[in-house]
Amino acid sequence: MNQYLSLYCELLKKHGQPKDQWGLWCRRPKTKWQREEVIIGAILTQNTNWQNVKKAITNLKQVKKCSLKLILELDLQKLEELIRPSGFYKTKARYLQGVTEYILKSGGVTKLMKCDLVELRSEILKLKGVGPETADSILLYALDMPVFVIDEYTRRLVKVRGWLEHQSSKLNLEPTDRFDYEYLRKLFEENLPKKFELYQDLHALIVVEGKQAGRKVIK
DNA sequence: AACCAGGAGAGAG
DNA sequence: CTCTCTCATGGT
């Protein structure tokens, strides 16, 4: 068992199955509407506390079911007003409508799940408001595709545990490249069985662990 | 009362 | 390609 799998076992033992802490995101199986809500949440949570996102989603549900159809039905100003608690509400409202338009035009979430992973990833990365982390969160948690999500918690963990110390010199990488998004993503994916359930749980556990650890050892 | 949380786009150099 | 600025709310 390599260090990535032992990390999973260690965190699983410590925190348990990350279902309740992560609400919908780690729930399996998911309904179509739960998948849509995860996509909406993935945009809303950008650089924002999850507590604020919950308020925004509650506001949306108060109007109607939190779905992609609702996002398109609402006019921009109304949507802005509803998601205001999540911050950056004007830009996020536009992001949401753009992403929603693309998904519905492509045939909806169920259709997307049958697409080729690599192609779909490069397609949604072109959408405004969808960077690497948001794209992979959507692919992994909404569409059950095996992509590992890299975030600040993952970077810190890799840094703190010194996992890249001897590999970086071996591969002759510049210090800035060692924590590059794509590099870290491939590192995790190459060292773990390609299963979306494992990716979902491990990433969630890393976040839970990271939050609990706080920012005491970081620099 | 700063500081920051499941980031990303746009512009400059 | 790598900085730096901007977008904004709510909790410590």
Side-chain angles (χ1 to χ4, degrees), chain A residues 11 15 18-27 30 34-60 66 76-77 79-100 102 121-145 147-159 173-185 188 196 199-219:
Chain A
L11 295 180
H15 300 286
K19 283 208 169 179
D20 300 321
Q21 304 101 309
W22 267 61
L24 273 181
W25 291 55
C26 283
R27 193 169 305 276
K30 289 189 187 74
Q34 288 174 327
R35 297 182 191 283
E36 296 192 355
E37 185 177 324
V38 170
I39 294 174
I40 294 168
I43 306 277
L44 292 180
T45 196
Q46 289 172 0
N47 202 39
T48 299
N49 193 314
W50 184 250
Q51 298 302 323
N52 291 1
V53 177
K54 282 202 287 193
K55 291 174 185 167
I57 289 183
T58 303
N59 288 345
L60 290 171
C66 178
L76 197 55
Q77 288 190 346
L79 180 57
E80 288 176 357
E81 183 189 323
L82 292 172
I83 66 170
R84 177 171 317 195
S86 70
F88 308 117
Y89 59 93
K90 289 184 207 164
T91 49
K92 284 177 181 175
R94 286 172 171 75
Y95 291 169
L96 278 176
Q97 291 198 328
V99 171
T100 300
Y102 168 81
R121 186 171 192 271
S122 69
E123 284 303 307
I124 65 176
L125 276 173
K126 293 176 190 163
L127 299 172
K128 287 191 174 107
V130 181
E133 187 175 338
T134 306
D136 292 340
S137 298
I138 291 173
L139 294 171
L140 178 60
Y141 287 106
L143 304 180
D144 289 345
M145 289 177 155
V147 190
F148 202 85
V149 178
I150 304 298
D151 58 10
E152 271 312 301
Y153 294 114
T154 315
R155 280 199 183 83
R156 283 180 208 168
L157 186 143
V158 169
K159 237 177 251 190
L173 291 171
E174 295 300 321
T176 50
D177 294 333
R178 296 189 305 181
F179 303 106
D180 171 73
Y181 189 94
E182 289 303 316
Y183 178 68
L184 284 179
R185 183 170 72 88
F188 276 83
F196 75 88
Y199 290 4
Q200 287 180 355
D201 291 347
L202 177 54
H203 175 253
L205 285 168
I206 289 175
V207 175
V208 172
E209 169 74 10
K211 283 183 166 174
Q212 192 185 79
R215 62 195 65 273
K216 46 188 177 188
V217 198
I218 323 300
K219 186 168 60 132

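Nothing here was measured: the structure is a model prediction, and the numbers come from that model. Quick note on labels: first sequence line is chain A, next is B, and so on, each numbered from 1.
Among the protein residues, A:Leu127 comes within range of the sugar-phosphate backbone only, with heavy atoms under 4.0 Å from sugar or phosphate atoms but none that close to a base. Heavy atoms of A:Lys90 sit under 4.0 angstrom from primed sugar atoms or phosphate atoms, though from no base atom. Among the protein residues, A:Ser137 comes within range of no part of the nucleic acid, since none of its heavy atoms lies under 4.0 Å from any strand. Counting any heavy atom pair closer than 4.0 Å across all strands shown, A:Val130 reaches sugar-phosphate atoms only and no base atom.
Residue A:Lys128 qualifies as open at atom NZ: its count of foreign heavy atoms under 6.0 Å is 12 or below. Counting heavy-atom neighbours within 6.0 Å of A:Gln77 CD, excluding the residue itself, gives a total of 12 or less.
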Could you list, one pair per line, each protein nitrogen or oxygen that sits under 3.5 Å from a nitrogen or oxygen of nucleotides 9-12 of chain C, together with the distance?
unit_1, atom_1, unit_2, atom_2, d
C:dT9, O2, A:Asn52, ND2, 2.9
C:dG10, O4', A:Asn52, OD1, 3.2
C:dG10, O4', A:Asn52, ND2, 3.1
C:dG10, O3', A:Lys55, NZ, 3.1
C:dG11, OP1, A:Lys55, NZ, 2.7

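A salt bridge is defined here as a Lys NZ or Arg NE, NH1 or NH2 lying under 4.0 Å from an Asp or Glu carboxylate O, and A:Glu81 with A:Arg84 fails to meet this definition. Between A:Glu80 and A:Lys92 there is no salt bridge, since no side-chain nitrogen of the basic residue lies less than 4.0 Å from a carboxylate oxygen of the acidic one.
In this structure the side chain of A:Val149 reaches within 4.5 angstrom of the side chain of A:Glu133, judged on heavy atoms.
For the C1' atoms, the distance from B:dA2 to C:dA8 is 16 Å, rounded to whole Å. Remark: the separation of the C1' atoms in B:dC4 and C:dT6 is 16 Å, to the nearest Å.
In this structure, of C:dA8, B:dG6, B:dA10, it is B:dG6 that holds the atom nearest to the side chain of A:Asp151. The side chain of A:Tyr153 sits closest to B:dA5 out of B:dA5, B:dA10, B:dA8.
Using a 4.0 Å cut-off, no side-chain N or O of A:Thr45 falls inside it from OP1 or OP2 of B:dA5. At B:dA8, none of the side-chain N or O atoms of A:Tyr95 fall inside 4.0 Å of OP1 or OP2 (strictly under the cut-off).
Separating the CG atom in A:Leu60 from the SG atom in A:Cys66 is a distance of 5.0 Å, to the nearest 0.5 Å.
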